[in-house]
4 protein chains.
Amino acid sequence: MSIDGNDVTAAVQGARAELRARQIVDAAIALMQEKGSNAVSMQAIAKSAGVSVGLLYKYFSDKEQILLAAITRVLGAFRDRVPQAIEGIDDPVDRVTEAFAEFCRAVDDHRHAVVLTYRESRSLSREGLADIQGQELETLGPLVDAVRGAADAGDLRDVPPELFAYDLLVLAHTWALKHWYFHAQGLSVDQYVEQQVRTVVLGALTDAARSRVER
Amino acid sequence: MSIDGNDVTAAVQGARAELRARQIVDAAIALMQEKGSNAVSMQAIAKSAGVSVGLLYKYFSDKEQILLAAITRVLGAFRDRVPQAIEGIDDPVDRVTEAFAEFCRAVDDHRHAVVLTYRESRSLSREGLADIQGQELETLGPLVDAVRGAADAGDLRDVPPELFAYDLLVLAHTWALKHWYFHAQGLSVDQYVEQQVRTVVLGALTDAARSRVER
Amino acid sequence: MSIDGNDVTAAVQGARAELRARQIVDAAIALMQEKGSNAVSMQAIAKSAGVSVGLLYKYFSDKEQILLAAITRVLGAFRDRVPQAIEGIDDPVDRVTEAFAEFCRAVDDHRHAVVLTYRESRSLSREGLADIQGQELETLGPLVDAVRGAADAGDLRDVPPELFAYDLLVLAHTWALKHWYFHAQGLSVDQYVEQQVRTVVLGALTDAARSRVER
Amino acid sequence: MSIDGNDVTAAVQGARAELRARQIVDAAIALMQEKGSNAVSMQAIAKSAGVSVGLLYKYFSDKEQILLAAITRVLGAFRDRVPQAIEGIDDPVDRVTEAFAEFCRAVDDHRHAVVLTYRESRSLSREGLADIQGQELETLGPLVDAVRGAADAGDLRDVPPELFAYDLLVLAHTWALKHWYFHAQGLSVDQYVEQQVRTVVLGALTDAARSRVER
DNA sequence: TATGAATGAGGGTTCATTCAT
DNA sequence: AATGAATGAACCCTCATTCAT
């Protein structure tokens, strides 16, 4: 039950490499948030990460790969949090509501990074763009599932489930994209969620489902 | 009541200047639409406008000013088109529906420019950003009015009118921002509008109003 | 019989552009000669030409285009000088001899540039390389013609004309490539030519032709 | 007559060092041959040699030293192969012919390395260059000897032996330098040798020697 | 008023070289 | 003896901006 020296070394190196990559992506995200995409030069990332420019290219083949990794990190959080948040919930409508709420809270935790997702798209290649679009669809998945559940339970009016789910996703993103507006109105995330639920989610329900939820 | 020579000259010059500025902004918008806002360099704008690079700086102090003017023009179209589109309509709900539809169509006409509004936001100066945000609020105005009208007529459930209007604005923008998604689904603008109306607008109505509209 | 203003302007600009291009290529050649290919950076060319880096890209799309232009200039001289040098000569063997001699003298006038042709090939793209190889074949043309003339006149032993011509070209280049060697031996171009004629050209002749020439 | 422990260690280390150095130079040559001398970076050499980058600097102070060692090895092969190839041959003309033929075949075995000798000349330091030139003269030696032998035997026309030998060397190099040309003509090394012998070697012979050889 | 040649800081990227382990 | 992560100067190229004409 022993590990030989090489394995240890390899493991340590692997961990260090992981760390470096994380460090670089963190620096990139930080820079994007505070300085705005165009200031995110490789030199700036290197400086912010406390490494040399050359090292960036040891861990990422491209500037695009760093951007991609940054966006992936954020979207990954969305993909994971929403299913976890609604795991124990049974009521189909509550599942939709809570999925949306959690999505909004996740967005709130990465507000600048979400904005970045919209902003940085222009620096990406066709493939890179397709990649993050694919990932966005993955974050959409849990929402669609929840909405479909409500639809199957007969709780939804005649609305296209995919579009409705996408609307929820967009309105969650909106909390970040239009934060300047909601902030000016003195709205908190929870208030935002509450109002959007009242405005959009309740509207998609059948009268029966709505009166059940509003009870 | 006479105009002296200098005034005439000044007036002519003013008109010509106006023309030039328009020409430049048009070129910038055209470039954004067809090339995707990356390739919008000063030299490209000059070439597309059929003027010299130097002249750009006679009419605009900055590249930012051209971008700003371009965005202003697009947002201006939104501000103007929506009121015109609902001018003769009496039914409060129809006014909301048609305002949203027209907004979507206007977005469709300037898809890339809308995307640009989101993308370029951080490359703008603080003042430029505030300017655009102010203008966005102006485009929101007509929507808010329409929504308030419906609310006053008792056609709306208990939803916050500003938020609902803002949702409509965002979902109109979404047609541009997520065009890759809707395009992949084979959706046209009109279909998009129709589905969003069914999903979001109808949901905000009272049962009475909804059954009246759906009849 | 007048030239309108625009034409004059255009002509002047054209001339100036020509001048600039020449100036840049000159600087590039000068640099290559004295510093060795790897020191020929765009920055260095710009500095040596007394212009900015950016301007280089107004006249040449690429670094490769500058290199290509430099090599083309040198090879062009070879292509032109040899035919001129043998224009009035009738004797087929004399034509060969004189073509070779002139080629050697041309090489001598551009010694460093010839070396450069061999050296720089590594920086060129596939197309660029093919281009200068094509040009080299053009400089071979006059030699082949002269050799063929001698062959048709029955003055040549049974030697492949193309290969023989190519040998002459290579031995002319050799004056530049191995100048360090011949220089150490105290050889002048004329002596070099004379000895190579004796060694290689005379050897390719029939006995009759040789005794005729040696008379 | 004993060897103490330290001596043994030193000897072993010396042998291992030799091996390492050889391994590195081999890798460098292999890279030059297959990748064309551009991609010969230190990291590439290390990878190809199966050692770390750092180790390169334990055995060579410089990248130049590796290049130099590689070129030295190739030129060394030329120096050794030619004498071996003509060892048992008695006829003076055959010795010249066979020396040239073997030289060409040796060049063929190291085509890219020969090209490199020409290309890299200027990136070498003054001493490095002088070193290589000295080595080239050593490879010339056997050719000169063979040519002198033929001259002493009275088989040569009145041609300068050194120059003639140098021509043979250059024309052997030419097989590498102008391989693109001969390859396009569908020539093999053996055909190249045969034609060059007919064109250049036979031409340097007296009538008597030529008719003897051609018999 | 209008031009466009000219600038040069700054972008992304490579690679010979070093050094802690 | 050996590693390879780390460095950073230098590379090629772009583009917002200026200015002599």
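All chains are named by letter (A, B, ...) in the order of the sequence lines, taking the proteins before the strands, and each is independently numbered beginning at 1.
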Q.
From CD1 of C/Ile24 over to P of F/dC13, roughly how many Å is that when rounded to an integer?
A. 13 Å

Q.
Expressed as a whole number of angstroms, how long is the span from D/Ile66:CD1 to E/dA16:P?
A. 10 Å

Q. Heavy atoms under 4.0 Å, any strand shown: does C/Met42 hit a base, just sugar-phosphate, or nothing?
A. sugar-phosphate

Q | Length of the line joining D/Leu67:CG and E/dT17:C1', which is rounded to integer Å | A | 16 Å

Q: State, yes or no, whether a side-chain contact exists between C/His112 and C/Val115 at a heavy-atom distance under 4.5 Å.
A: no

Q) Which base, if any, makes a Watson-Crick or G-U wobble pair with F/dA20, both distances under 3.5 Å? A) E/dT3

Q: May I ask you to test the B/His110-B/Arg73 pair for a side-chain heavy-atom distance under 4.5 Å?
A: no

Q: Provide, to the nearest angstrom, the distance between the NZ atom belonging to C/Lys47 and the C1' atom belonging to F/dC11.
A: 16 Å

(Q) For the residue pair A/Gln43 / A/Ser41, report whether a side-chain donor-acceptor contact shorter than 3.5 Å exists. (A) no

Q. Is the backbone of B/Trp180 close enough, under 3.5 Å, to the side chain of A/Gln133 for a donor and an acceptor to pair up by distance?
A. no

Q: Rounded off to whole Å, could you give me the NZ-to-P distance for the A/Lys63 and E/dT13 pair?
A: 8 Å

Q. Tell me: OH of A/Tyr57 to C1' of F/dA10, nearest whole Å?
A. 14 Å

Atom pairs, N/O to N/O, protein against nucleotides 6-8 of chain F, distance under 3.5 Å?
unit_1	atom_1	unit_2	atom_2	d
F/dA6	OP1	A/Arg20	NE	2.8
F/dA6	OP1	A/Arg20	NH2	2.6
F/dA6	OP2	A/Arg20	NE	3.4
F/dA6	OP2	A/Tyr59	OH	2.6
F/dT7	OP2	A/Ser52	N	2.8
F/dT7	OP2	A/Ser52	OG	3.1

**Q.** Atom-pair distance (CD1 on C/Ile45; P on E/dG8), nearest Å
**A.** 18 Å

Q) Do you know the tightest heavy-atom contact between B/Gln135 and B/Leu75? A) CB-CD1, 3.7 Å

Q: Take atom CD of D/Glu64 and atom C1' of E/dC15, then tell me their distance rounded to the nearest Å.
A: 17 Å

Q. Do any N or O atoms from the side chain of C/Thr72 and from the backbone of C/Leu68 form a donor-acceptor pair under 3.5 angstrom?
A. yes

